[in-house]
Amino acid sequence: PAIVVGANGQVEMIEQQWGSRRGPRAALLRKHMRGKTVKTVIEGLVEISPPITVRSVSEAIGMKVGDLSKRLLKETNQLYGVNSPIEFHVAASIAAEKNVELVLKKQETAEEKLLREFEEAAENVDPEKLRPRPPVVTIMGHVDHGKTSLLDKIRSTKVVDTEVGGITQVIRAWSVVHKVEDPDTGEKVIERRITFLDTPGHEAFTKMRARGANVTDIAVIVVAATDGVRPQTEEAIAHARAAEVRIIVAINKVDMPNADVEKTRRQLYGMNLLPDDMGGDTQFVETSAATGQGIDDLLTAILLEAELNLDEDLQADPDRPATGTCLEAYMNADEGVMATLLVQQGTLKRGDIVLCGSTFGTIRAMYSDSGRLLREAGPSTPVRITGLKEVPNADDPFFVVDEIAKAQEIADLRRVKERESQLNRFAPVSLESLTAAKSKIKITELKVILKAEARGSVEAIKKELEKLVHEEVRTRVLHAGIGAITESDVQLALTSPDDTLIVGFNVTADDDALRLAEARGIKLNEYQIIYNLVDDVKAALEGRLKPIEEVVHLGRAVIRDTFRISKVGTIAGCYVTSGVIERNARVRVIREGVVIFPPADKVVGLDSLKRFKDDAKEVREGFECGLKIAGFDDVKTGDVIEAFKIEVKQRTL
Ligand code: GDP
């Protein structure tokens, strides 16, 4: 405990880590321990649970009921019976006088109890029971460097399961078996499993981490040898490092004639990814997703990496009730909620009661990544299950619970909490709207109706859209859902057709939606690539930003003489002291530092600009010229003419 004790043995300071920072215990410590000697206070730590009454406090601090009542009367000027409630802080301060630290024991909610039990169980791993588990791998790298192709190649060459039905439902994680050499015989016989997460890209990876789900053990950073290290390569490396996952480098597209492996390697060395012969410990593998070259080496490298880091992280106890993370979930017309879960600890069994985020259910059917029915699934196994009541969020952790009632209670509680926090989020007056009101900026809203094939996509896209912020324009996701674009989506858009976008990601519009959209001139936008979707929304937003006018300073001239010409007016004979005076420029006249013409709400130009007798388009610094200001003849020697132009600029986010 971080208690700082002074020279006289008295407590001078209590550091906040001691106990929870805001909990009653920390507050009490701060209030009552300062000035006390450490010994006496620490001796008497007594827990008390509500309701706090004269009786319970009397028992807790060992003070007679009568004495306590008298003491309370003195403290609060009120009479107390034996069952009268006492406020905790009053009880605590009286307890402190008796050198007892009263600690309020809050009643645990079912959720807190469950989570505590799981946490305790997680801390109580029996090292004896730990078994190695397959590593979970995420592939990251710059767009077009071959992440998807590598995953496809690995899957097509390695998945030998032929029981896959006609349905090729995409599952967001799958595992392959790779044979490695038996160190004793040197033959390739030992079979090892590797699980791949099929959501390449560091955005998904980062999103998972942001929600506390750290499912990846090893990151394969893919760099195309034809292109070298690019911005997203660097980002991917940074994200992998931040997550403290092991990195393996796959230099891809080595089959291409313009592949420059050496240059790519050097760029990576520059990012402090060094192979062992250079003093580092990063494995480099050269691959081609086109020819399959290096795929086996990559898998071997992954297994080696896993083996080398076979600490507690890459082990799990298969005998416990399962826990893990939901990777993906969606609604299926035939089977209800389909969820892809990655089992991380324990073994998941058909019939298990699962609590996942704010939903729950009994596992009705469980499928492997290849669509085979499973009875049970151990650590690092991705499975698809049916039986959850509602679609959970991607990245929600799941737990196996022993009673359905308990699961339901916790799920309900969480849902209430979620709703509360959502209400808060849409509080009528936000800081943002206040500041906007103050500066009289009207915020233009672009409404988006978003439909996607899966919850994970919806969330990833929403997250991206949230990043498009500007003080004058913003997007609001009016509605986000899973499934095709339907007539009701179009109806919704019709409520304000000019500033609503309907976007579909990996989904199309059904016939009714198409018909209505066509009839009413609503555009439906379908995408397969998140970046394209976000770019289009961004462009639409930027189109709503009012262009701004920018004053571009051109130059100055000082008037050396003036000439009056009848029917024309006064010509100013000038010397250009800086920049340039353009024939089409806007001008102002400055006398002794003050703008004397034109008035603030007007802009004026020149009637003429001449070098000697000739009209000039522009006159530069160091030259003389004669000019006539439109609508102004009161020029005097010594006045300064300032030339500028106004540029209209389309702003960007
Ligand atoms: P991702 O954006 O990183 O997922 O990249 P993709 O896997 O979609 O690959 C981008 C393009 O590069 C596709 O046209 C692939 O066919 C091609 N490609 C990927 N890997 C290789 C490779 O190793 N060799 C060759 N020749 N082409 C590749």
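Just so it is clear, the values below take in all heavy atoms, side chains as well, and ignore hydrogens, waters and symmetry mates. Just follow the structure's listing: the first ligand is 1, and inside any ligand the first atom is 1.
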Quiz item: Which of the listed options, M256, E286, Q293, Q232, holds the heavy atom that is closest to atom 27 (N) of ligand 1?
Solution: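 The option holding the nearest heavy atom is M256.
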Quiz item: Are the side chain of T347 and the backbone N or O of G378 linked by a donor-acceptor pair below 3.5 Å?
Solution: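 Side chain of T347 to backbone of G378: no pair is present.
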Quiz item: Is D255 reaching over with its side chain to a backbone N or O of T291, donor-acceptor style, under 3.5 angstrom?
Solution: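 Not at all, since once roles are kept as given, no pair shorter than 3.5 Å links the two residues.
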Practice problem: Indicate whether the side chain of Y527 and that of N506 have a donor and an acceptor atom separated by less than 3.5 Å. | Solution: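 There is no such pair (donor and acceptor under 3.5 Å, judged by atom type) between the side chains of Y527 and N506.
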Do [X] and ligand 1 have an N or O pair less than 3.5 Å apart?
X	answer
A289	yes
G146	yes
K147	yes

Exercise. Report the distance from atom NZ of K451 to atom CD1 of I482, rounding to the nearest 0.5 Å.
Key: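 The distance works out to 9.5 Å.
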Exercise. Examine the proximity of ligand 1 to D255 and report which part, side chain or backbone, both or neither, has a heavy atom under 4.0 Å away.
Key: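 Side chain only; the backbone of D255 stays clear of ligand 1.
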Pull out every atom of ligand 1 sitting under 4.0 Å from any heavy atom of [X], numbered as shown with elements.
X	answer
V143	2 (O)
S288	23 (O), 24 (N)
H145	3 (O), 5 (O)
N252	20 (N), 21 (C), 23 (O)
H142	3 (O)

Quiz item: Do other residues, nucleotides or ligands put more than 12 heavy atoms under 6.0 Å from the CD atom of E518?
Solution: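 No, the 6.0 Å shell around CD holds no more than 12 heavy atoms from other groups.
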Quiz item: Around atom CZ of R520, are there more than 12 heavy atoms of other residues, nucleotides or ligands at under 6.0 Å?
Solution: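 No - once you tally the heavy atoms of other residues, nucleotides and ligands closer than 6.0 Å, there are 12 at most.
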Quiz item: Do Y269 and F284 make the cut of ring centroids closer than 6.0 angstrom?
Solution: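 When the ring centroids of Y269 and F284 are compared, they turn out to be within the sub-6.0 Å range.
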